[in-house]
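Shown next, in structure tokens, is the structure this report addresses.
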Amino acid sequence: MTDTNPRPATFVSGRHFLQTPGPTNLPDRVLRAMDNNAINHRGPEFGRLGLAVIGKLRQVFRTAGIIGIFPSSGTGAWEAAMVNTLTTGDRILLTRTGQFAHLWEELAGRHGLEVQTLETDWRRGANPEEIGAALAADRDHLIKAVCVVHSETSTSCMTDVESVRAAIDRARHPALLMVDAISSLACADYRHDQWGVDVTIAGSQKGLMVPPGLAFTAISEKALAAAACNKTHRGYWDWAPLVTSNKTGYFPYTPAVNLFYALNAALDMLLEEGLDNVFARHDRYAEATRRAARAWGLELQCQDPRACAPGVTAIRTPEGHSADRLRTIILEKFNMSLGNGLGRIEDRVFRIGHMGDLGVLQLTGTLSGVEMGLRAAGIPHRSGGVQAAMDFLAGNA
Ligand SMILES: *Cc1c(COP(=O)(O)O)cnc(C)c1O
């Protein structure tokens, strides 16, 4: 392994700690898998690879249905979902749980969709009751899709997708359910088929431990049928060729071959560890991180204890203390990248990514960096956060 990324302006020895909620750390096994020549994407070897990857992704999405893979960031899969199932003037119901929901709303606006927004204080998940009430009031069924973000990475709050499904069913509303699971897939339990989700979107660079550059989507029969009748022009993002891809393993354009190697290795790692173990590990790290924050006397952005995300924790700095300055100090002094506050909570929170490939010592190292950073930045706090996390992780708390 050559030098990792010495991001600070001045040299700091040792390995960079990439503790952002995406991109996440790449396991050596994934790096090794990519370090191979490209292969003919029309040859027999690629077809086998394509089918293998689709089969393993089905296990992670927990679906027996169609899996789309696009060479794009996660946003591309959002756009694909919109142009395939919706058309200008269609209404969608979206809960603005944070910056990523807000970006989805903006993207929908640019496609000429009418967005009915349910507002939140960015400190909890979407409210299924409110969604149900909005659907019940929509007697003419103008709402074509209900959109929620499963793990709102900007606030570290989860939305209970199963309850959203139940609310849609109670209202007997035909809208499609579309879920952004970009930062929850392979971090939290997710069940595309069982929860009755129509479109699930994910990306490679978060829980899946693959470099940025691939977007995924799981598509229900109902969403495929909606796409078949939808007249919106689309070319590159068209879902129709995916159905063939799922049978053959080939794509209608050059797929990102080396990222497929990475993905195949990462999926093997996840399935070997066992998804339930992967989720339990994320829960444990998230709990340790919250214990550290509480011991520091800092406030979590997520105010609903049942909604805290397993892969990322957003922590508020005390009033008048810049979270961005704290992150800069931590980067310069300790060679660690943390996530920044986005949108309306810019500079008010910093986010510790603890998703993907991470060991206990990397987590306690991360928390040490934060605790030393708090001290160096002169941010009022109590020491002992790392101790609280260690007590928990060692099984003594
Ligand atoms: C990272 C993220 C996105 C953006 O994905 P890109 O790959 O940057 O396009 C969208 N939604 C959520 C919840 C995310 O965490």
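Source: prediction; values computed, not measured. Every number for a ligand or one of its atoms is a count from 1 in the order of the listing.
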*R123 side chain to Q301 main-chain N or O, any donor-acceptor pair under 3.5 Å?*
yes

_D189/R62 ion pair, N-O < 4.0 Å_ = yes

Any protein N/O atoms within less than 3.5 Å of an N/O atom in ligand 1? List the atom names and distances, or say none.
residue  : atom   : partner : partner atom : Å
ligand 1 : 7 (O)  : G74     : N            : 2.7
ligand 1 : 7 (O)  : Q205    : NE2          : 2.8
ligand 1 : 9 (O)  : S73     : OG           : 2.6
ligand 1 : 9 (O)  : G74     : N            : 3.2
ligand 1 : 9 (O)  : T75     : N            : 2.8
ligand 1 : 9 (O)  : T75     : OG1          : 2.5
ligand 1 : 11 (N) : D180    : OD2          : 2.7
ligand 1 : 15 (O) : T153    : OG1          : 2.4
ligand 1 : 15 (O) : K206    : NZ           : 2.7

*Should D198 and R165 count as an ion pair when the cut-off is N to O under 4.0 Å?*
yes

*Linking Ile, Leu, Val, Met, Phe, Trp and Tyr by side-chain heavy atoms under 4.5 Å, what else ends up with W122?*
I345, V349

*What residues form a side-chain contact (heavy atoms from CB on, under 4.5 Å) with Q19, not counting sequence neighbours?*
F17, N25, M336, L338, L358, T366

_Test question: given the 4.5 Å side-chain rule for I, L, V, M, F, W and Y, name all other residues clustered with V312, or answer none._
M355

